[in-house]
Chemist: 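Below you'll find the structure I mean.
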Amino acid sequence: MKNTIIYHNPRCSKSRQTLALLEEQGVAFEVVEYLKHPLDVTTLKHLQDCLGIDNALKMMRPKEAEFKVAGLSMESNDDTLITAITQHPKLLERPIVLHNGKAIIGRPPENVLTLFS
């Protein structure tokens, strides 16, 4: 298993750019298309820890229609938010790159390079 994972949505331009950047850098990585293979609560909590964020909202896309459909608000607690991502994977911010126990959101794509310096 590779020690770098990109949580990728091929329809997202930032996700495609981040994937291309990793390829250009010669990084060996595993691609997880989270829309096809939704992440479970344990994986999402691990990602939150690796991102170093204290609020799951920071790894979400609250402007997506699914945010309202799921009955979420900016005040929803982490457990509720993470459970919603498992049910509506489109809510996960993208892309997220995980490398050696640290993660970063590739917005802009160049952010991921800090994981390798």
Chemist: Of all heavy-atom pairs between Ala103 and Ile96, which one has the smallest distance, and what is that distance?
Modeler: CB-CG2, 4.1 Å
Chemist: Please enumerate all residues that pass side chain to side chain donor-acceptor pair (under 3.5 Å) together with Arg16, with sequence neighbours excluded.
Modeler: none
Chemist: Cluster question for you: counting only ILVMFWY and a side-chain heavy-atom cut-off of under 4.5 Å, with indirect links fine, are Leu39 and Ile5 together?
Modeler: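 Same cluster.
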Chemist: With clusters defined by side-chain heavy atoms of hydrophobic residues (ILVMFWY) lying less than 4.5 Å apart, directly or transitively, does Val32 cluster with Val97?
Modeler: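 In one cluster with Val97: Val32, no.
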Chemist: Calculate, to the nearest 0.5 Å, the distance between atoms CD and CG belonging to Gln17 and Leu22 respectively.
Modeler: 12.0 Å
Chemist: For a quick test of your reading: what N or O donor-acceptor pairs under 3.5 Å do the side chains of residues 46-56 make, sequence neighbours left out?
Modeler:
{"residue": "Gln48", "atom": "NE2", "partner": "Ile53", "partner atom": "O", "Å": "3.4"}
{"residue": "Gln48", "atom": "NE2", "partner": "Asp78", "partner atom": "OD2", "Å": "2.8"}
{"residue": "Asp54", "atom": "OD1", "partner": "Lys58", "partner atom": "NZ", "Å": "3.0"}
{"residue": "Asn55", "atom": "OD1", "partner": "Leu57", "partner atom": "N", "Å": "2.8"}

Chemist: If you measure from CG on Leu72 to CD on Glu64, what distance do you get to the nearest 0.5 Å?
Modeler: 12.5 Å
Chemist: Does a side-chain heavy-atom distance below 4.5 Å link Lys45 with Ile82?
Modeler: yes
Chemist: Can Leu44 and Leu92 be said to form a side chain to side chain contact (heavy atoms under 4.5 Å, CB included), step by step?
Modeler: CA-CA 9 Å; Leu44 289 165; Leu92 184 65; 4.1 Å; yes
Chemist: Could you give the distance from CD1 (Ile105) to CD (Glu93), rounded to the nearest 0.5 Å?
Modeler: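 Rounded to the nearest 0.5 Å, the CD1-CD separation comes out at 5.5 Å.
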Chemist: Can you list the residues that meet the salt bridge (charged side-chain N to carboxylate O under 4.0 Å, His left out) rule with Arg94, with sequence neighbours excluded?
Modeler: none
Chemist: Within the 4.5 Å heavy-atom criterion, are Phe29 and Asn3 side-chain neighbours or not?
Modeler: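 Of all side-chain heavy-atom pairs linking Asn3 with Phe29, none is under 4.5 Å.
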Chemist: Please output the side-chain donor-acceptor pairs of residues 83-90 that fall under 3.5 Å, not counting sequence neighbours, one pair per line with the distance.
Modeler:
{"residue": "Thr83", "atom": "OG1", "partner": "Asp79", "partner atom": "O", "Å": "2.9"}
{"residue": "Thr86", "atom": "OG1", "partner": "Thr83", "partner atom": "O", "Å": "2.5"}

Chemist: Please name all residues satisfying side-chain contact (heavy atoms from CB on, under 4.5 Å) with Thr114, sequence neighbours left out, ordered by chain then number.
Modeler: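 Result, side-chain contact (heavy atoms from CB on, under 4.5 Å) vs Thr114: Ile104.
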Chemist: Let me check something: any side-chain donor-acceptor pairs from residues 7-14 under 3.5 Å, sequence neighbours excluded? List them with distances.
Modeler:
{"residue": "His8", "atom": "ND1", "partner": "Ser15", "partner atom": "OG", "Å": "2.6"}
{"residue": "Asn9", "atom": "OD1", "partner": "Arg11", "partner atom": "N", "Å": "2.9"}

Chemist: Check step by step if side chain to side chain contact (heavy atoms under 4.5 Å, CB included) holds for Leu98 and Thr4.
Modeler: CA-CA 6 Å; Leu98 177 66; Thr4 303; over 6 Å; no
Chemist: Should Phe67 and Leu81 count as side-chain neighbours, where that means a heavy-atom distance under 4.5 Å?
Modeler: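 The answer is yes, as the side chains (C-beta and beyond) meet within the 4.5 Å cut-off.
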